A.B. asks: 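Just passing along the structure, written as structure tokens.
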Amino acid sequence: MKKLITLLLAVLIVFGMTACGNGGGGNEGGGAEAETIRIGVVSTFSGNNSGHGEYCKEGAELWKEEVNANGGINGKLVELVYEDNGDTNESYQSAFVKMLSEDNVVAVYSNGFSDQVTMVIPDADTYQIPFLAGNSSQACLNQGSDYYWMIRLSDAIVSPTMANACVDLLNMSKVAILQVNDSYGDGMADFVEEALKARGAEVALRLSFDGDVVQFNSYLAQVEAAGVDGIVGIAHQEQCGPLMMQIDAAEIDVPLMGCSQFATALAIDTAGESADGWYSLADWTNEADTETAQAFVKAYTEKWGRVPDMQSVVCYDAMHILQAAIESIDGEITPAAINEAIYKTNNIVGAMSTYKCDSSNPAYEHCLGQSIFTTQTVNGSGVVIGVAQR
Amino acid sequence: MNRPILELIDVNKAFGGVVVAEHVNLKLYPGEIHGLIGPNGAGKTTLLNLISGIYEMDSGRIELNGEDISNMPAYLRARKGIGRTFQMPRFLDKADIEENIRIADDLANPVSFLKSYFGKNDRAYVPRLNELTRIAGFSFNLEDDISSLTFGQRKMLEIIRAILANHKVLLVDEPAAGLNGAEIENEISLLKHAAKNMNMGILLIEHSMDMIMNICSNITVINFGSVIGNGTPDEIAANQDVIEAYLGRSKDA
Amino acid sequence: MYLQLLIVGIAMGMIYALLSLGIVLLVRAVGVLNFAEGQLFMLGAYVTFCLTYQVGMPLWLMIPIAVVILFLFGVLFMFSIYWPLRKSTWSATIIISCLGASSVISELVKVIWGNNPLVYAPLIKGTVKIGGVNLEYQYLIIIAVCILMIFLIQMLFDKMYVGRIMQAAAQNKYAAGLLGVSATLTVAATYGISAALVGIGGWLVAPLFLVRTGLSDFLLKGFAGMVIGGYGSVKGAVIGSILVGIIESYAVLLTTTYQNAIVFLVLIVFLVIKPDGLIKGKISEKA
Amino acid sequence: MTKRLLNRKTIIGAVSLLLFVLLFYLYIPNNTGAYTITVWNSALIYFMANIGTAIMLGSCGMVSFASPAFMGLGAYTSVYICMNYGVNPFITMLIGMLVSMLFAVLIGMALMRLNGTFFTFSTVALCQIAYTVYNGWKPVTGGPNGIPRVPQFTAFGWVAKTYFDNYYVLLTIAIIAFVLANRLGKTNFGRAMNSVRDNELVAKTTGINVFRTKVTAFAIAAGFAGIAGACLAHSTHYVVSTYFTYSNATMYIIQVMIGGVYNIVGVFAGTILITMLPEWLRPLQEYIKLVYGVGVILLMIFMPMGIWGLGSDFIKRIKKRYHIKDNVTPIGVLAEDQEVGK
């Protein structure tokens, strides 16, 4: 009897599975492929970080509308394909491989976490499809992939800028680094510590916390005891608000510098008045004063009824880079051709920055971003006080 | 008579301030059915728990076949040969009857894990199980669930399980409670079979004086944790202390 | 700094205590570890936020209504998660359905209130300086409410008839049935009280840590507090939670990377060495 | 009579084995895309870990959240030895398994003093500790960045380059694990575990060392988890602390319970179902997890014994409907009656 059930179950599972797989695959491809350019977006649309996916999708959709309203790229309309990457690293990889192998896309954008991106870069190489990512971990660039492209500035590039700002602008000499202990925070903190030391500042304390920690009082007691004259914060968006509030409440009166997350609308909104006085090295702020940035914010707010997040603008700019690359192709639009074209990216003006493929330093060749904002939060909004070019 | 198979020497046990066993001495001989009686709460079941190692004694000595087992954990005592049944029959209720029987067989015929892993699933115990079940006068399928047996059948299966485990000593806790007349008859023949044919020493707690007087060759009476009488059924029936303990209790009630 | 860390630890421990009080209530009444308690905590924050800002109720009206809503939700929770499985012979089934429920509550909250954290203004703004630490006034309110709750629960269990029935129900369902009280109602009431209690806890911490789904992450620390304190003891749960807060706070001196590991390592060591906890609970069945 | 029975059983067994091999080795890889294969791969890995959890839960009656901790131990040990000493992944995988088991014995000796809920909670704590260590101990685990470019499975010059290659490797390992574990329940140790689960008093009075049985079960579970972890690292070419979180542990427990704790085939079905569910529910978009949560609750309420329980009920009903009798061994009936009864 047990064997009978076993058999039944096995057969059911297998046919259920393959039926699903075929059904999924059957919808794609065919005639549509010839007329449209299919671009994939892998992001989180369910689970704990589904906010990232929403912002990302809104940015991508905005771009698609603009492009298709102008007749598409080289006369071809654009189609966006989305995959939800779920909660686990394994499901991220599955979603990514699905995008590469079954969705007939010519390029993929994803804003996964750094460890997830690290995980799937070899897949992009295997399938030879350009992979534009919204993360900023130098570890990803260090993999030396041909197909991985970083939209933002790498941590390794941002860190000296941050160190300079700390030392020159904020006169820090003895610094405490508060970092989130994940792939993003740890990588960034390493570079910042190195850069600060190079500028002669002392890193008196480096305290790390998990991604779900929101209570920093015991850390702040240590910071206070160490008598530092500056704090560098590297945290997740959701943690920035509580961190800023608690530093304010603890009356630690030193210059404060945060990573790009500290300048996000969400962090500033949640922290309220406590956010005032924070400096940040931000890839994006809604107060960015360039023409393209303002146009983007305006269009986005009109379309979606809320202000954009960094996730939206990175995705939007990634699409612009792809657009420029595809426009420059004469012949057939293939993933390989697009990848070649991205190598020739030169001074494309996006909402966030201008983009350029600079082959002078092989370590940063695949990092396309060129500039980053230095902002100060005043009265609940991030005011741009400078733009650092790389 | 030969040497006792089980001997309790000056066993003491107290829970907090309540003394449940005080200077208990007891001898159980192989092939003997030994009754253990006393009023409710006299400490009979506690004594079984002390012997089988479920409780630890405060002081005293328990010898099995001349070997001191006082400090052994329960499972080692079971391996040495002490088996028991419970007032409410206890089984693996998520497993079928076969598995319940086989744990006894594992104890009787221990094999190495590897042999059991690669060996054939043999059922050498089936003929004996058949015989015992026939004595007990009921029947079942090995693949059935325990819940398909009646309460009385379960109590008897518990005894059968203990016999199949080849225990030297069997502690039986109120085997007749909840059984009808026919079942009690069958149970008595099962116990007698175990004592006579397998030379087991059986220590029996029972409230039914009929049954005790019928099958026991020796009886020990305890009250408030201490032994107040010991002897053959006839001696016990004439023992003044025992009569007082029982009558005194019936007066209170 | 040592004094400061102590105060910070106690303050945080009080927050864990809010959660572990709710857990201990269920443990005492039904003997179940509720893995969705963290979500009820978070739900409290969202419900009070909704009533205060989206409905616009004043505080005096908001609290009783929130308590009623949360109580009813607790009763609903009991009938959908616990009741159908009460007779299951596998303890795992209830754990699994609690895990399912936690996913459902989180997602419902997201569907209704969106993904982004919401801001809840503190009752009294500003900070107070205690032993060299600037603490938000909110912490004082938390401590006060916490003490009040301990008092109320003790009253409930020791003085009131219902409480004694609840305890009887936990220890012996059969006996509780004999008392002539519907065991169903007492268990339902316990779930309701637990949900309301924990929900109020969520309301109290919302001004400190925002109204967000991540609030449920405090659950494990609440569990830890209850286990260290003594399984099923109300006082023990509070003391244990404070101890967890203090350990966590002092762990920073040693290492920050392994802070979490230290807290849970202490917990395991505690469990193994002193399985009954600090204060022996009414229901101890550990070893 | 027994011989004929054996024959029928053997035929069913042989046919199902053949079908199984055809289905899993030939049909699936040739009829699915790379993406579906990656989903299968993770399902197979989860399955290996879940065998351990199922042994703990179904046989020993203990709810354990510890499997990610031991998966991590297996994975990091294997990757560390493989990358630093250039040993073949298949060998390091076994070393990883042994290290997991060793740790499980040591930890188990401490934790097995605890009963029920307390044991469960201590495994949750264990899971948290393990994650923190994996995330913090940079020289060995690569910290939060993990270790990229983990060597692939290789054997005798053959290298598992694609996900399909990995599928065959994982399937083979999973089948071995399945066969090993399936037999376990029919041994004396399996019965010892069951008696520990159902009634510790019976276990003690039939000579079963409850403590040792529990520790051994914990170690076996850790062994399966260790293998699964190593497979995860080598088949995704990457290992990072976020593979081994508490939320993964809750997912594994759900998979086991949904499948049905009694039987490893049920566990397999549950693992596949929960792994595939998000793929099937994809049209629901952001409501996926909501539906998933409701589904889990309903499944627990209406089929607490999981898919396996449902399947066996179904077959029982069919047998009743068509008057198919099980092969039973009657006990206690006189020999003459037995002859007549036939």
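Just so it is clear: chains get the letters A, B, ... in the order the sequence lines come, proteins before strands, and each one is counted from 1. It should be emphasised that the depicted structure is a prediction, and the values quoted were computed from it without experimental measurement.
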A.B. asks: Any donor-acceptor pair under 3.5 Å linking the side chain of Y117(B) with the backbone of K186(D)?
C.D. replies: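 No, Y117(B) side chain to K186(D) backbone: no donor-acceptor pair under 3.5 Å.
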A.B. asks: Counting heavy-atom pairs under 4.5 Å with chain B, which one of N199(D), N188(D), I208(D) comes out on top?
C.D. replies: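 Between N199(D), N188(D), I208(D), the count favours N188(D).
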A.B. asks: Tell me the residues of residues 182-202 of chain B whose non-hydrogen atoms fall below 4.5 Å from those of chain D, in number order.
C.D. replies: none
A.B. asks: Would you say that more than 12 heavy atoms from the other residues, nucleotides or ligands in this model lie under 6.0 Å from the NZ of K27(B), or not?
C.D. replies: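 Incorrect, the count does not exceed 12.
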A.B. asks: What are the residues of residues 94-105 of chain B, in order of number, with any heavy atom under 4.5 angstrom from a heavy atom of chain D?
C.D. replies: K94(B), A95(B), E99(B), R102(B), I103(B)
A.B. asks: Taking the side chain as C-beta and beyond, is there a heavy-atom pair between T187(D) and F118(B) under 4.5 Å?
C.D. replies: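 Side-chain contact under 4.5 Å: no.
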A.B. asks: Considering only heavy atoms and a distance below 4.5 Å, find which of N209(D), T205(D), L184(D) pairs most often with chain B.
C.D. replies: N209(D)
A.B. asks: Quick check on D106(B) against chain D: is it the side chain, the backbone, both or neither that has a heavy atom closer than 4.5 Å?
C.D. replies: side chain
A.B. asks: Is the CZ atom of F302(D) crowded by more than 12 outside heavy atoms at less than 6.0 Å?
C.D. replies: no
A.B. asks: Within a 6.0 Å radius of atom CD on E143(B), are there more than 12 heavy atoms belonging to other residues, nucleotides or ligands?
C.D. replies: yes
A.B. asks: Applying a heavy-atom distance below 4.5 Å, give me the residues of residues 67-92 of chain B that approach chain D, sorted by number.
C.D. replies: A74(B), Y75(B), A78(B), R79(B), I82(B), R84(B), F86(B), R90(B), F91(B), L92(B)
A.B. asks: Flag the one option from R197(D), K204(D), R191(D) with the top tally of heavy-atom pairs under 4.5 Å to chain B.
C.D. replies: R191(D)
A.B. asks: Can you pull out the residues in residues 169-180 of chain B with any heavy atom less than 4.5 Å from chain D?
C.D. replies: none
A.B. asks: Counting only heavy atoms from other residues, nucleotides and ligands, does the tally under 6.0 Å from CZ of F103(D) exceed 12?
C.D. replies: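 Not more than 12 within 6.0 Å, no.
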A.B. asks: What distance do L107(B) atom CG and T206(D) atom OG1 have between them, rounded to the nearest 0.5 Å?
C.D. replies: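 If I round to the nearest 0.5 Å, the distance is 6.5 Å.
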